[in-house]
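Below is one structure, written out as structure tokens; comments come after it.
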Amino acid sequence: MKRFRFALQPLMKVKQTLEKQLKGELLQINMRLRILQEEKTAEEDRLAKAAADHQARLRRGAAMAEVSGYPGYCAFQCEVIDGLSRRIEATLQERAACQEKLIAIMKDLKMLENLRERKYAEYLQENEREAQKEMDDFVSYGLSAGASAGAASPAPAQR
């Protein structure tokens, strides 16, 4: 009986390796995205706190010299937040591209696994047919050998 061999097994291994790599890459992208989002939230909180401090100084009647740096600080913080937003958007696009690749690889793997299962079922059926043929040949050989042996030897004498 011959051994089962799936002809596309090397391709399947390559796809499995790619899947593993893409999952690792996706994990790294998600971690970077989370860090960027946390940084953006921290910068937004810092800007909101600065705005609240500025409002409190204005209510107290602070001198112009105390509050003159606020507009520049706000502009700088807004640029930082905009830069983080752009980086987040780029990372989201990178994640979407990675997810599309991963989905395509997973579809290919599923198709290859289904094909492998079908080929294995065919292999089992072929082995069953061969085993049945061997059994039929053995039985027919035994019957024909028994019939020819019986015809060649004379019947025992009756008393």
* To do: For Q16 and M12, run side chain to side chain contact (heavy atoms under 4.5 Å, CB included): C-alpha distance rounded to whole Å, both residues' side-chain angles, the deciding distance at 0.1 Å, then the answer.
  => CA-CA 6 Å; Q16 288 169 337; M12 196 170 176; 4.2 Å; yes
* Between CD on residue E94 and CG on residue N30, distance to nearest 0.5 Å -> 10.5 Å
* Asked: So, do K40 and E44 sit near enough that their side-chain heavy atoms are less than 4.5 Å apart?
  -> yes
* **R32 atom CZ, over 12 foreign heavy atoms within 6.0 Å** => yes
* To do: Taking only Lys NZ, Arg NE, NH1 and NH2, and the carboxylate oxygens of Asp or Glu, determine whether R46 and E43 approach each other closer than 4.0 Å.
  => yes
* Asked: Is L36 linked to V80 within one hydrophobic cluster, defined over Ile, Leu, Val, Met, Phe, Trp and Tyr using a side-chain heavy-atom separation of less than 4.5 Å?
  -> yes
* To do: Quick one: pull up OH in Y70 and CD in Q55 and give me the separation to the nearest 0.5 Å.
  => 7.0 Å
* In one Ile/Leu/Val/Met/Phe/Trp/Tyr side-chain cluster, 4.5 Å: Y123, L8 -> yes
* In one Ile/Leu/Val/Met/Phe/Trp/Tyr side-chain cluster, 4.5 Å: I88, L26 -> no
* **From CD (E134) to CG (D136), nearest 0.5 Å** => 10.5 Å
* Structure fact -> Only residue of E130, E122, E128 satisfying side chain to side chain contact (heavy atoms under 4.5 Å, CB included) with E126 is E130
* May I ask you to check whether over 12 heavy atoms, not counting those of F4, lie within 6.0 Å of atom CZ? => yes
* **Contact summary for A7 and P10, nearest pair of heavy atoms** => O-CD, 3.6 Å
Under 3.5 Å donor-acceptor pairs involving side-chain atoms of residues 105-121, not counting sequence neighbours:
| residue | atom | partner | partner atom | Å |
| --- | --- | --- | --- | --- |
| D108 | OD2 | K15 | NZ | 2.9 |
| N114 | ND2 | K110 | O | 3.4 |
| R116 | NE | Q9 | OE1 | 3.4 |

* Would you give the length of the straight line joining atom NZ of K101 to atom CD of Q21, rounded to the nearest 0.5 angstrom? => 11.0 Å
* Is the shortest distance from a Lys or Arg side-chain nitrogen in K49 or D53 to a carboxylate oxygen in the other one below 4.0 Å? -> yes
* To do: Mind checking the OG-CD spacing from S85 to Q37? Nearest 0.5 Å is all I need.
  => 10.0 Å
* Are L84 and F76 in one and the same hydrophobic cluster, where Ile, Leu, Val, Met, Phe, Trp and Tyr link if side-chain heavy atoms are under 4.5 Å apart? -> yes
* Between CG of L22 and CG of L18, what distance do you get to the nearest 0.5 Å? -> 6.0 Å
* Decide if atom CZ of R5 counts as having more than 12 heavy atoms of other residues, nucleotides or ligands within a radius under 6.0 Å. => no
